[in-house]
Amino acid sequence: MKDTIDKIRSMFDGGDADEKREDLVFVTVPATQVVDCLGYLRDRAGYRHLVMISAVDYIERGVFQLTYLLHSYEKQNDIGIRADIGRDDASMDSIHRLWAAAQVYQRELREMFGIDFPGSPRVDEPMLLEGWEGIPPMRRDFDTKKYSEETFFPREGRKTADPATHMAEKNYASEEQVKRSVKDLVRGRRKRKGNDG
Amino acid sequence: MVTPIYIFIIALGIAFLLPLLERAKKGAAETVFLAALSGIALISWHWLFSLLTGRCEIGEIFTAGFRPPFSINLRVGMEEAVFTSAINLATLAGAVYLIRELSGRGTKSMMLYLLFVMGMNGMVLTRDIFNLFVFMEITGIASYALVALRLDTKGLTAGFKYAIAGSLASIFMLLGIIVIYMITGTLNIDSIASRMVSFSGTAAAGFVAPAVFMLVFAFMIEMKQFPANGWALDVYDSAAPGISAMISAGSAGAALFAIYKILPIAGEGWYMAAAITGSVTFVAANLIGLKQERAGRLLGYSSIGQMGLLLTVVSLGLKGSLPSWQLIAVGLFINHLLAKAGLFWLTGITGEDRIRNWGVIARRPFLLMMMGLFMAALSGFPPFPAFWSKWTLVMSMFSGGMKVWVVFILLGSLFEVAYLFRWFGYAVRGGVEDGESGDIVKGTPEKTAVIFFGAALLTAVAYYMMGKMIDNSTLMLMPLVGAAGLLLFERFDPRVRGIVSLAAVLYYGYMIIPGLSGMPLFFNSFFLGGGAIMLLATLHRRTASRGFYPMLLLMIGSLSALALSSTSLQFFYAWELMTFSSYILVLRGKKAMKPALLYMVFSAAGAYLVMAGFASAGGTVFGGAGDGIAGMSGSLQMLPFILLAAGFLVKVAGMGLHVWAPGAYAEAEDDSSAIISSILSKAGVLGFVFLFIKAGTAFTGSTYLYSTIGWIGAITAFFGALYAAMQEDAKKLLAWSSIGQVGYMILGLAAMNQIGWVAALYHSVSHFMFKGLLFLAVAGVVYRTGTRNMYEMGGLIKRMPMSFISVMIGIIALSGVPPLTGFGGKWLLYNALIERGWYLQAALAFFSSTVAFLYCFRLVHAIFLGQAKPAFRKIKEAPRSLIAAQYILIMAIMMFSMKPSILIKPIMGIVGERFDTLLTWQANTLYSPFGYWNGFAVMMVVCALFAILLVILLLISPKPQKVKQFNIVFAAERPETPETTHYAWKFFTPYERAFSGILKPAATRFWNAVGEWAEAVAAMSRHIYSGNTGAYVVQIFIFGILLFILSRGGLS
Amino acid sequence: MMEVLKQAGYSLATLMVVMNYGLLLVGLVTIIVARVHGRIGPPIWQPYINILKTLSMRTALSHGIMFYLGPVFRIVGGIGLLFFMPVVYGSSWMQNFSFAGDVILVVYFVFFGMLGMALGAAESGHPYSAIGIMRGLAQNTAAELPFALALMALAAQHQTLSITDIVAAQQGGIAHWNMITNPVATLAGMLAFFGMMMHSPFDVHLAPQEIPIGPPTEFHSSYLALMQTNRSIFHAAKLILFMNLFFGGATSIFVMVVKTFALLMVVVFAGVVFPRYRVEQSIRWFIRIPLAVGILAVVISAWK
Amino acid sequence: MSDEIKKVNGIDEGFDEISEYFCDARPSPVSPSANRIVRNFQNWAQANSIFILGFGTGCGAIELRPLFTARYDVSRYGLFPRPTPRQSSLFIIGGYASIKTMKRIIRSYEQIQNPKFVMGLGSCTVNGGMYWDSYNTINRLDHYIPVDVYVAGCMPRPESLIAGFDRLKELIMEGKAEGANTYAENFDWYKNNQKKIIKNWNMPEYNW
């Protein structure tokens, strides 16, 4: 694992290793190096299994952070390759030639984040959002509540409440009474004590 | 009486004059040359005419005025006259055909040709053995030169090989002649024969045998006997086709005549040896012919085979084993002469040697017709001479107890049929493989004329022989006359031709049917009526359909003749005519080349079995359906029964012998399929009817034979239905269904009781109606959609409702569901089988009829129901004439369903008193010993119920919204495309899986293996002809040794 | 003419009896199956309510003329089957139109409805309908094989095909029933009976989870009402056929009810115990043991 | 359909799949029988024989299964599962409905014959439940198809469902469960709502 990380860092301009666990390490590499790096990991280092591809919208930094999580059956550990890509016209090299299964993740990322993977099969077909227009819904600048209220005829009378208070008031009123009076009692005694003292 | 010397004078004189004439005037040589040949021919015809009319006696001409042995004598007898006439006729025609090429080569070629003709005449005429040798040499040398005339390597080497073989033969002949002269002191053939006898037992007798051997050996080489015939094949292969024609037709004939003269000298011991050699050659040459791809060589094998057959006939005739052998020999010879020459000539016209490329001829209907005619003649189809000869030959051989010979001769003929029709198949359907010879074939006028002349002559001889051979020849000629008459209309619009044919069939039916009764009436009204309906259906044709109507008419006519026949020969004549015409009809289908060949080979094999059966039955009069014969005549024995039954089983496609049927039924043109499947398949049923009437049940082994046939029928019914359910092709499905349905008929007939026969005949009619209906409806659908794959169709009910109704009625009738006609047949059949005690067969038949539901449903579902395809969304209803024919059939079905008695009562009358009466009628109810059936009541109840319930549904149902094809509940989805929504392909897969154990095509594999085996043997044997001269010489010597051994065996 | 009308009236009466009996049977079977599951099940008259409910649907749609006629064909097949069969032996009014044909007619008439229904269902264009039909047809034909053999065994035994005569031959106590006199044929017939009744384990053609109820997927409203009615008639008619063939027929309605009920229970109990066969499995099953039994039956009966 | 298949089948430019393959008729309300006795009788039959088409869109579907088991056994009340919409009369939406699912719900709903009833199962069908602010699940089912009975809860127990069935039966008997007619009468409103969320509307206006 250590050797592999060193190799990545030396060969693919990797950044510092972010070791989450003994068997899970993340390394950030430049976006242009990702495909080579993954190819190396798959063919040379034994990380043959693509666990997933995910994205995080760091709107503050203006990037999407892509994470390719790989698993090695021999070494029984995982390496995550991270890469930052710009949020505007987000695009990334497709890795469906390395793992055919990657096309599903890439389709999903295209649909949910608007990250394009040119060349990936069926990448433009929606999986869930048939005929979606506008900002992809997983981007952080998409206001889902507003969208829902505008689109889905919200039912009147919905309000949010703290479940604990709500339950206490609605279902356990008498117990609450007792509790409160006990509290008051205790508080009063304290007060009195204080007064006394 | 013109003396034959003139022949030689003319030939020699003109030959010498030709160069002078050529100098004198350009073109005069050709005229004189042809005039000379005509003169020679006229002389021989004059003899023939005089001898036939009895105006003169047999002429003996003594050349030097002395009697033999002091001079050479010539004889002009009947045989000589016939042979010289035929040869001179052929050579004259051949000269006309060749005239351009001959004149192109200069006068020397014409001289050679004249010498060649003279030599052949001399071989026939002379009675002097040395003179015979001389003429043979003349012929030989002339022909080497003619073969090499092409001046290419092939021609020259072939000529060289010919010369080598010829000189070997000459050496032996000369040696033989010398020795014989030494012993007998004479060269006259007649006196040699008589003197030879007197030498037996003397010291000279030791010389006789070798001398005779050498003589016969030499002639055998000249006769190109197997295996000493490699050189001859190269000759046929490489000479110009016109020359090959002459060598094959003429010089081989002359050699045959020579050996006919020589054999008596050799003595009786040689007859058998010669006959065996001949038949071995016949079989071997035809077997090897199977693998031939080149037209010239193929015809060469055929020629050699024919010569072998002729040698067999002549030797056996001389031996005295074959009565009326002269007729056989002359028939075969003339047939061979004209047909073979005709085919060689055709080869010359097309200029195409590879038979795969013979598609070039397909665009010339006339030449194609000629080719078909010659093929038919060569394979021994009626009415050509070979048919009558072969029939007489087989008959006489059987009566002479020569059964093994029959087997070999029929086997050889079968091979010949196979390769000839393979070639014909390529010609009709093959197309052209490479573009180089793709242009249209053009014959020069004189070549075409010669071919036509040959065909006409052949037909004339056929007509003559037919008049001699067959009783009631006028009636038997009717189908041919009708077909020939229709040829005159070929230029007209197809619809005109169709209407003329229809009128012809109707008029013919109107003329003959009133005079009939019994089985002939039944089958004739069935064949002719059915034929008329089917003809009506063909009126939709817009394409040229050349030759379609004549052949159709011929087939319908021959079926009618079949039912009318009163002797075995008539029956067989009609049978063969039907086979040939239906073969042509099948071959007209677009992809029908292979199925048609298979059909032809199996039909021919079946026909030979039938012929052998007739022969083994001896002089039994067969046919005529035993009108007026009360009960069964019981005059057949086991062997003829088996042979005939086997022959008919081929025709009805009994399981195991069925491999031809699916292809033939399915690949024929769509409307022909209806005819072939619904009408023609009944010919076998008719055969069985006639056979069973003749055979009765009294002979030895009858119980087992009938139950065997019964089982075959039941198994056929079962597998037919099972395979039908697995087909993707609508026509194949119907084809398999037909095979199965005919199985029921055979089962019913084999039960040999009244109910069974009524069942079989009733089912025949019923099957004709519903299967014709289905095939016509499918024909309409295929015509419109352009595909036969059912899964490509679907939802056509909206576009073709009339066809849908036809198919629906058809399948209800077919599946045997009451109240339509199909049920009657099933009911009668089970009663018959129970009466016979055949319970297991009955259960199997029952099961088969339930399996029939599978394919019935599939047919209607995959084509008409389910999802409509966008490609067919604007398709039109089937053509009107097809629909009209279908609705006539529907009306008939409805009528017979409503009142089954109007069909069953007459059938009961026809079956008549042959069996104990088991069926009785009471009002509308038919009673059997076991049950009863009231078709009328059933129909009424069903109709009433249907009407009442429909009204109820209309009353209780809210007005339905009409929806379209995708308005289905598709698991909350919408169907993507009609193609993926229409469930039709491999419909009964689970069924196929469950029955996988018995669905293996065992019969097909078996017959494939037989075919491959035959081809492999042919391919192997073919390699002995390596083309190497040395090898050929070795073969000649090996042949000599074999012949020697054979003659020892024969002499002892 | 009067004769015919009288017969028609009688037959109608028979039809009413059998239809109600069949409906109650269907209800009862549902209850029995529920009890086996440990449930209470619907009331016994639930089939009536179901039919009334489907009849009270206010809309319907049609895929074409055959779709409309399919259920009619189906119910003609069911009623026809009943009409060509004597229901109660000796009863003057329950002979129906059995004079029109014998057992072969009856057996073939089973297919009439099946074929018509198949046409109707296929017209809907629904692939599941086609699959269901394929399965139903395939399985039914296989079941016919042992049945045909059993039938032939009976024909061999009694030398008749008339149902009335077969029933008549079985009169005079249980010892004369074909069940006793020809046990092998009865066994073959009963094995086929499982398939012909189309109960579990031979109900893959309906396969509700896989090809939503197969052939009738598209049928609804009044079409469905007709088919539900037919289901009861057809069920009862098939039971009566087997009762007549193997179990001595019936001399009164009471006997008919008892016998057919007992027969049905055999199938129902087998159905609740065994899981469903796939098509090729059931076909293979039919062409093994039942086929062998059937052949044995024919051989024994013919040999006698 | 891909262009290739179109070409193979000779489908020209003007070929419109929707109008070619689907019936384009609009639904029309069918009023119940005018005769009160007949109407009541029919309503009684409808109420006592309810064929359920269950649409297990969400977790709620798990609560449907126990209904048919020995413990709850709704067949006692004349309720039976039915796998095809054509023969069903009660449509149960078993939980949250995403937009993509809505398309299928609408299709199945329209394929049920009149009279038809809908039961919304679980809070998600009432107001979106815990997915109330999702970009992809609807909030109120009754804006898309008429709903007769809501059974609230997350998830409601089978007992609640049985209570819902009782309520439905009452409604049917009273003749108040006329969702199909409501739908036909307010067809345009429903279609507008549906089309607002379903962007690729590749089906006919009304799925017969």
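Each chain gets a letter, A, B and so on, in the order the sequences are listed, and its residues count up from 1. Note that the coordinates shown come from a computational prediction; the quantities given were computed from them, not determined experimentally.
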Distance from [X] atom [atom1] to [Y] atom [atom2], nearest 0.5 Å?
X      : Y      : atom1 : atom2 : result
D/R86  : C/M57  : CZ    : CE    : 11.0 Å
C/L224 : D/F51  : CG    : CZ    : 7.0 Å
D/S88  : C/H220 : OG    : NE2   : 12.0 Å

Original post:
Applying ring pair (Phe, Tyr, Trp, His ring centres under 6.0 Å), which residue pairs with at least one partner in residues 40-59 of chain C are found, sequence neighbours left out?
Top reply: none
**OP:** Using heavy atoms and a sub-4.5 Å threshold, report which of residues 25-46 of chain D line up against chain C, by residue number.
**Re:** D/V30, D/S31, D/P32, D/F41, D/Q42, D/W44, D/A45, D/Q46
**OP:** Can you sort out the partners of D/F187 under ring-ring contact (aromatic ring centres under 6.0 Å, His included), two or more places apart, ordered by chain and number?
**Re:** D/Y183, D/Y206
Subject >> Heavy-atom pairs under 4.5 Å with chain C, option from D/S75, D/C23, D/S89 with the top count >> reply: D/S75
Original post:
Okay, side chain of D/D73, backbone of C/R39: is any donor-acceptor separation there less than 3.5 Å?
Top reply: no
Original post:
Is it the backbone or the side chain of D/F80 that comes under 4.5 Å from a heavy atom of chain C, or both, or neither?
Top reply: side chain
**OP:** Hey, could you give me each pair passing salt bridge (Lys or Arg N to Asp or Glu O under 4.0 Å) that has a residue in residues 87-103 of chain D? Not counting sequence neighbours.
**Re:** A/E130-D/K103
Original post:
With a 4.5 Å heavy-atom cut-off, do C/E218 and D/T84 have their side chains touching?
Top reply: no
Original post:
Judged by modelled atom types alone, do D/Q113 and C/T59 share a side-chain donor-acceptor pair under 3.5 Å?
Top reply: yes
